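Report on the structure given below.
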Amino acid sequence: EGNCTLSTAICTRDDIMTYLIHTGVENGLAFKIMESVRKGKGLTEDMEKAMREAGVEDWYIESCKRIKYMFPKAHAVAYVMMAFRIAYFKVFYPLAYYAAFFSIRAKAFDYQLMCQGREKLESTMRDYKKRYNELSKKEQDSYNDMKIVQEMYARGFEFMPIDIYVADDIRFQVIDGKIMPSLASIEGMGEKAAQQLYDAAQKGPFLSKEEINERAKIGKGTIEKMSELGILDGMPETNQLSLFDFM
């Protein structure tokens with residue numbers, strides 16, 4: 001435990017103090033050195049002198065001078081445990097993992113770009129990759145999200161079309177072995193608008209696109225986007241009946 005190498009990713013500030021005490025550095029000074037190193041303040045001349053007198057090697061001392069921040073051991077252990085949990089769910093409960101990831105971690109998930117099948121996704125990714133240095137910050141975030149979606153498709157999993165009466169406003173859901181994206185994943189649909197649409201949909205079906213605009217206060221541009229994506233297929237423009245509706 002006391003033989004910290006500083007070359008490993010999980011070396012912590014506690015390891016430094018334990019190691020220095022093990023080499024013979026006085027306990028109180030070992031603590032001060034640990035505190036200085038973990039905060040990125042490096043070593044004072046007295047600290048360095050004490051370490052050399054205790055036989056601490058040059059590379060170790062140099063490393064202590066370069067460190068900018070270090071986790072406490074409990075923090076490092078918590079991160080490792082979390083990594084194992086995430087890996088477990090990704091392997092054994094993949095749909096739940098992807099639904100949670102897209103709900104919480106995806107920064108620029110786009111229903112139109114990512115949920116229309118693997119072929120369309122990878123075509124867009126090739127285009128983004130060619131001009132990556134020219135992409136906006138939003139497009140770069142979207143490209144990073146696409147990589148996770150590509151992985152999901154490669155593992156044989158799929159999305160299902162958004163049903164405005166079933167979809168959640170911001171959470172992705174696992175339904176019948178597929179993932180239903182959130183309403184907020186529709187381009188132009190912010191979280192507030194998604195919440196309004198979700199609340200309105202829970203109160204009963206919409207008779208027309210016009211009624212969506214009136215009840216959910218959703219802009220016409222977003223309603224047109226939903227129509228373009230096939231989410232509102234079969235829904236008339238207004239509540240007013242026309243002979244053409246029966247033809």
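For clarity, every value in this text was computed on a predicted model and none was experimentally measured.
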Within a radius of less than 6.0 Å around [atom1] of [X], do more than 12 heavy atoms belonging to other residues, nucleotides or ligands occur?
X: Glu191; atom1: CD; result: no
X: Gln202; atom1: CD; result: yes
X: Lys65; atom1: NZ; result: yes

Check: [X]/[Y] side-chain N/O donor and acceptor closer than 3.5 Å:
X: Ser208; Y: Asn239; result: yes
X: Gln112; Y: Lys225; result: yes
X: Asp199; Y: Gln195; result: yes

Please tell me if the side chains of [X] and [Y] come closer than 4.5 Å, counting only heavy atoms from C-beta onward.
X: Ile104; Y: Arg171; result: yes
X: Asn213; Y: Ile218; result: no
X: Lys178; Y: Phe157; result: no
X: Val149; Y: Phe102; result: yes
X: Phe92; Y: Tyr97; result: no
X: Leu20; Y: Met34; result: no
X: Gln150; Y: Glu122; result: yes
X: Gln173; Y: Ser182; result: no

Heavy-atom donor-acceptor pair, [X] side chain to [Y] backbone, under 3.5 Å:
X: Tyr153; Y: Gly117; value: yes
X: Glu26; Y: Ala50; value: no
X: Asp145; Y: Lys107; value: yes
X: Arg38; Y: Tyr69; value: no

Would you name the heavy atoms of [X] and [Y] that are closest together and state the gap between them?
X: Met51; Y: Cys64; answer: CE-SG, 4.1 Å
X: Asp233; Y: Ser227; answer: OD1-O, 4.4 Å
X: Ala96; Y: Val174; answer: N-CG2, 4.1 Å
X: Ser185; Y: Ile162; answer: OG-CD1, 3.9 Å
X: Arg118; Y: Ala154; answer: NH1-CA, 3.7 Å
X: Tyr198; Y: Ala167; answer: CD1-O, 3.4 Å

Can you confirm if the aromatic rings of [Y] and [X] lie within a centre distance of less than 6.0 Å?
X: Tyr111; Y: Phe159; answer: no
X: Phe109; Y: Phe172; answer: yes
X: Phe89; Y: Tyr93; answer: yes

Calculate, to the nearest 0.5 Å, the distance between atoms [atom1] and [atom2] belonging to [X] and [Y] respectively.
X: Asp15; Y: His22; atom1: CG; atom2: NE2; answer: 12.5 Å
X: Leu121; Y: Met114; atom1: CG; atom2: CE; answer: 7.5 Å
X: Met235; Y: Glu211; atom1: CE; atom2: CD; answer: 8.5 Å
X: Thr23; Y: Glu53; atom1: OG1; atom2: CD; answer: 11.5 Å
X: Cys115; Y: Leu229; atom1: SG; atom2: CG; answer: 9.5 Å
X: Lys192; Y: Asp169; atom1: NZ; atom2: CG; answer: 14.0 Å

How far apart are the C-alpha atoms of Ile212 and Leu232, what are their side-chain angles, what is the distance that settles it, and do they pass the side chain to side chain contact (heavy atoms under 4.5 Å, CB included) test?
-> CA-CA 10 Å; Ile212 293 179; Leu232 304 179; 3.9 Å; yes

Run the numbers on Lys68 and Lys39 for side chain to side chain contact (heavy atoms under 4.5 Å, CB included), then give the verdict.
-> CA-CA 6 Å; Lys68 299 301 181 183; Lys39 294 177 181 178; over 6 Å; no

Would you kindly confirm whether [X] and [Y] end up in one hydrophobic cluster when ILVMFWY residues are joined by side chain heavy atoms under 4.5 Å apart?
X: Ile164; Y: Ile179; answer: no
X: Ile148; Y: Met82; answer: yes
X: Leu207; Y: Leu197; answer: no
X: Tyr79; Y: Ile86; answer: no
X: Phe101; Y: Met180; answer: no

Criterion side chain to side chain contact (heavy atoms under 4.5 Å, CB included) on Lys129 and Tyr143, from CA distance to verdict = CA-CA 8 Å; Lys129 187 174 182 178; Tyr143 183 68; 3.7 Å; yes

Under the side chain to side chain donor-acceptor pair (under 3.5 Å) rule, what do Glu151 and Tyr98 come out as? Steps first, then yes or no, please.
-> CA-CA 10 Å; Glu151 175 190 281; Tyr98 289 117; 2.5 Å; yes

Looking at [Y] and [X], is any side-chain nitrogen of the basic one under 4.0 Å from a carboxylate oxygen of the acidic one?
X: Glu35; Y: Lys32; answer: no
X: Glu62; Y: Arg66; answer: yes
X: Arg52; Y: Glu48; answer: yes

Take Met146 and Leu113, measure what side chain to side chain contact (heavy atoms under 4.5 Å, CB included) needs, and give me the verdict at the end.
-> CA-CA 8 Å; Met146 288 180 196; Leu113 296 179; 3.8 Å; yes

